[in-house]
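Just so it is clear, the model here is predicted, and its values are computed rather than measured. Numbered from 1 within each chain, the chains take letters A, B, ... in sequence-line order.
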Amino acid sequence: MKIENQITSKIAEAVSILFNITVSPAQAAVQKTKSEFVGDFTLVVFPFVKASKLSPENTAQKIGEWLQKEMKEITSFNVVKGFLNLELSNEYWWEFFTSNYKNSSFGYTPINESSKIQMVEYCGPNTNKPLHLGHVRNCLLGYSVCEILKANGNKVIKVNIVNDRGIHICKSMLAWKKYGAGETPESSGMKGDHLVGKYYVEFDKHYKKQVNDSMAQGLTKEEAEKNAPLMLEVKQMLRDWEDGDEATLALWNKMNGWVYDGFDITYAKLGVDFDKIYYESQTYLYGKEIVLNGLQREIMQQRADGSIYIDLSKDGLDEKTLLRSDGTSVYITQDIGTAVLRANDYHFSNLAYVVANEQDYHFKVLFLILQKLGYTWANGLYHLSYGMVELPEGKMKSREGTVVDADDLMEQMILTADKTTRELGKIDDFDSVEANDLFRTIGMGALKYFMLKVDPKKKMLFNPAESIDFNGHTGPFIQYTYARINSLLKKAAASAIEPLKMPMEIQNKERELVKMVYDFPSVINQAAETYSPALVANYVYELVKNYNSFYHDFPILKEEDSTTRIFRINLSLFCAQVIKNSMKLLGIEVPERM
RNA sequence: GGCUCCGUAGUUCAAUUGGAUAGAAUGACAGGUUUCGGCCCUGUUGGUUGGGGGUUCGAAUCCCUCCGGGGUCACCA
């Protein structure tokens with residue numbers, strides 16, 4: 001049992017005996033003492049002053065005295081206004097330190113048979129264009145959340161949903177057929193997803209020209225758009241696809257194949273992966289029977305024209321159409337089908353969708369419908385609604401060409417890491433494989449940290465110039481600290497064998513570090529509960545800053561007192577381990593040297 | 001317009017979920033045994049938490065209102 005919880009239950013006991021009141025665990029809970037004050041844990045006593053009929057100071061004083069008598073771990077306390085600061089014994093912290101400092105999986109909860117199954121959907125690409133900056137945030141978040149959930153003791157299943165059908169992919173196909181002259185990834189040397197994306201743009205170009213020409217001849221914009229030959233052709237192509245026309249399907253398969261080869265490269269570079277990929281072309285028909293079944297059970301209604309909808313007005317939402325009058329599915333119907341399919345495939349207890357907050361309304365409706373259909377697992381659905389990525393000049397607009405491409409972005413980061421690292425000249429003895437691996441580690445570390453340090457729920461500004469910065473609150477800063485500790489530990493290898501004993505004197509900064517690594521498991525827990533990698537990112541940064549300050553102020557290998565020296569070496573070891581484990585949760589590697 | 005999310009140093013982000021004097025980074029300026037790896041460390045500077053009201057021992061956080069911004073309101077996805 002964690003010491004905070006022990007203290008909390010003792011506090012409940014204390015106020016019951018002293019003031020004759022019963023309090024909730026929340027009221028008796030302690031929090032970490034702020035660093036400006038002396039102490040380890042703090043109780044806020046204001047909620048008890050009415051019952052104690054004493055001043056806040058005296059209330060705190062009484063509780064403090066009682067706790068000090070009852071708990072051997074509490075050696076002293078002080079009172080500032082209504083705040084009771086408790087200080088734990090060095091022996092307590094020492095006991096914690098010695099029993100965990102060598103544990104390479106410190107903070108991680110093991111997974112066993114009774115672990116919950118947690119599914120996470122992320123990425124969600126379309127097959128008509130390459131991944132962009134928005135997908136990057138999505139993928140990094142999704143992957144990191146999965147790592148955190150695993151570390152918190154869940155069985156995690158990572159799934160992707162690929163939007164591989166519909167008018168958008170037909171546009172690329174048609175343009176390729178008309179203007180492509182048989183171009184392939186091999187013949188052009190282009191990555192498959194980029195090649196297909198090129199023809200999507202190509203379609204738009206020709207289409208716009210047709211529209212403009214018609215408008216010049218006096219048609220309204222609407223008429224021109226609707227009747228442009230290209231638009232009519234592409235709609236016919238979609239019908240052909242739905243009818244199973246062989247030539248159309250063959251072209252579709254070929255071009256999607258190119259795209260998937262391209263995506264695989266991008267996923268690998270990003271360091272993300274999936275246990276199962278769902279394709280909309282395979283699931284889009286599945287929701288229909290569920291809706292029809294819902295109609296029979298009168299959960300849904302039918303209009304005179306045959307379309308089927310659900311009335312959510314009693315829940316503060318609107319009517320939502322689920323099947324068109326011609327009987328075909330709409331987007332949300334596919335999502336209903338896919339969700340049921342997944343529940344049958346994996347029997348998850350939770351399913352989190354990593355999708356941008358522009359779809360908040362969609363998921364509200366989706367979850368509500370699934371609940372109304374009576375699926376028990378529907379209560380375990382969660383929309384991890386993250387904020388959109390914006391650029392200094394505003395939103396990304398594909399029409400204005402301001403989209404930041406994922407592959408280009410990663411390449412830029414790695415090139416910058418290359419340049420910066422070579423300038424420092426510390427890795428002159430690396431061969432080219434080692435060096436390239438390092439540049440990738442640093443460049444991707446910078447990018448990942450930059451995107452994960454901000455609260456997922458908030459929109460974020462992506463400033464290319466700042467993201468590439470390696471100083472301050474950045475990934476490379478953390479990686480550097482790790483590499484430096486690693487170098488220290490290598491040199492210390494011999495002396496570290498001596499037995500670890502508690503030093504006579506423990507410095508404040510050492511004590512702070514011990515307390516910080518002690519927090520790691522609860523940081524993981526909180527990050528898992530709130531689906532927030534940002535908590536881990538900010539925690540590890542704080543730890544690194546504290547370590548650097550300690551490193552600056554105190555000798556480690558050069559410390560003359562051997563007991564203190566051994567302690568400091570092992571404290572460094574413990575910190576390095578927690579840094580590494582934290583970064584792993586963010587999907588970021590740490591280099592042994594840099 | 002309805003619904004919804006957001007607004008914190010010049011800028012980018014924090015703030016233990018209602019707790020102490022709102023903290024970091026960056027920028028600017030000033031400093032520090034580059035020999036345990038200086039991609040480091042220490043200062044100074046910078047705030048009416050968008051404005052106003054309310055709730056209470058206590059509000060950046062909860063409620064109301066106004067101002068400003070985003071998203072969303074399809075038989076599109």
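- Computed from coordinates, the A/L461 CG to B/C13 C1' distance equals 11 Å when rounded to whole Å.
- Among the heavy atoms of the strands lying under 4.0 Å from A/A483 is at least one base atom, whether or not backbone atoms are also near.
- Annotation for A/K2: atom NZ counts as buried by contact number, over 12 foreign heavy atoms lying within 6.0 Å.
- A cation-pi arrangement is absent between A/R137 and A/Y386, since the terminal nitrogen or guanidinium carbon is not both under 6.0 Å from the aromatic centre and inside a 45° cone about the axis.
- B/G27 and B/G69 are spaced 31 Å apart, taking the P atom of each and rounding to whole Å.
- The residue A/F48 sits apart from the nucleic acid: no heavy atom pair falls under 4.0 Å.
- Residue contacts for A/L488: at a heavy-atom cut-off of 4.0 Å it reaches a base atom on one of the strands shown.
- When rounded to the nearest whole Å, the span between CG of A/N357 and C1' of B/C73 equals 15 Å.
- Helical stems in RNA chain B, defined as runs of 3 or more consecutive Watson-Crick or G-U wobble pairs with donor-acceptor distances under 3.5 Å: B:1-7 with B:67-73, B:10-13 with B:23-26, B:27-32 with B:40-45, B:50-54 with B:62-66.
- A/Y551 places its OH atom 13 Å from the P atom of B/C40, with the value rounded to the nearest Å.
- The phosphate of B/A77 (OP1 or OP2) has no side-chain N or O of A/R165 nearer than 4.0 angstrom.
- Considering only side-chain atoms of A/K395, the nucleotide from B/G71, B/G19, B/C40 that sits closest is B/G71.
- As judged by a 4.0 angstrom heavy-atom cut-off over every strand, A/M594 is placed among the base-contacting residues.
- Nucleic acid contact class of A/S385 (heavy atoms, under 4.0 Å, all strands): none.
- Remark: A/Y480 is in phosphate contact with B/C39, judged by side-chain N or O atoms under 4.0 Å from OP1 or OP2.
- Stacking between A/F46 and the base of B/G19 is present: ring centres sit under 5.5 Å apart and the planes differ by under 30 degrees.
- At the heavy-atom level, A/D318 lies under 4.0 Å from the strands shown only through sugar-phosphate atoms.
- Note on A/S549: every side-chain N or O is 4.0 Å or more away from OP1 and OP2 of B/C41.
- Comparing B/C41, B/A77, B/U17 against the side chain of A/T530 picks out B/U17 as the nearest.
- Distance noted for atom C1' between B/U49 and B/A15: 11 Å (whole Å).
- Rounded to whole Å, the P atom of B/G10 lies 23 Å from the corresponding atom of B/C6.
- Aromatic stacking of A/F83 on B/A20: satisfied, with centres closer than 5.5 Å and planes within an angle under 30 degrees.
- Here the separation of B/G43 from B/U4, taken at their P atoms, is 46 Å to the nearest Å.
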message: Strictly under 4.0 angstrom, non-hydrogen atoms only: write out the protein contact profile of nucleotides 23-33 of chain B, one letter per nucleotide from the 5' end, B, S or -.
response: -SSS-----B-
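- The glycosidic torsion of B/U35 lies more than 90° away from 0, placing the base in the anti range.
- On the P atoms, B/U34 is 23 Å away from B/A28, given to the nearest whole Å.
- Residue A/D455 is in sugar-phosphate contact alone, with no base atom involved, counting any heavy-atom pair closer than 4.0 Å across all strands shown.
- When the C1' atom of B/G71 is taken as reference, atom NZ of A/K459 falls 11 Å away, rounded to whole Å.
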- request: Show your working on side-chain hydrogen bond (donor to acceptor under 3.5 Å, both in side chains) between A/T33 and A/D40 and close with a plain yes or no.
  value: CA-CA 5 Å; A/T33 302; A/D40 297 325; over 6 Å; no
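- The residue A/K458 sits close only to the backbone: its heavy atoms come under 4.0 Å of sugar-phosphate atoms, none of a base.
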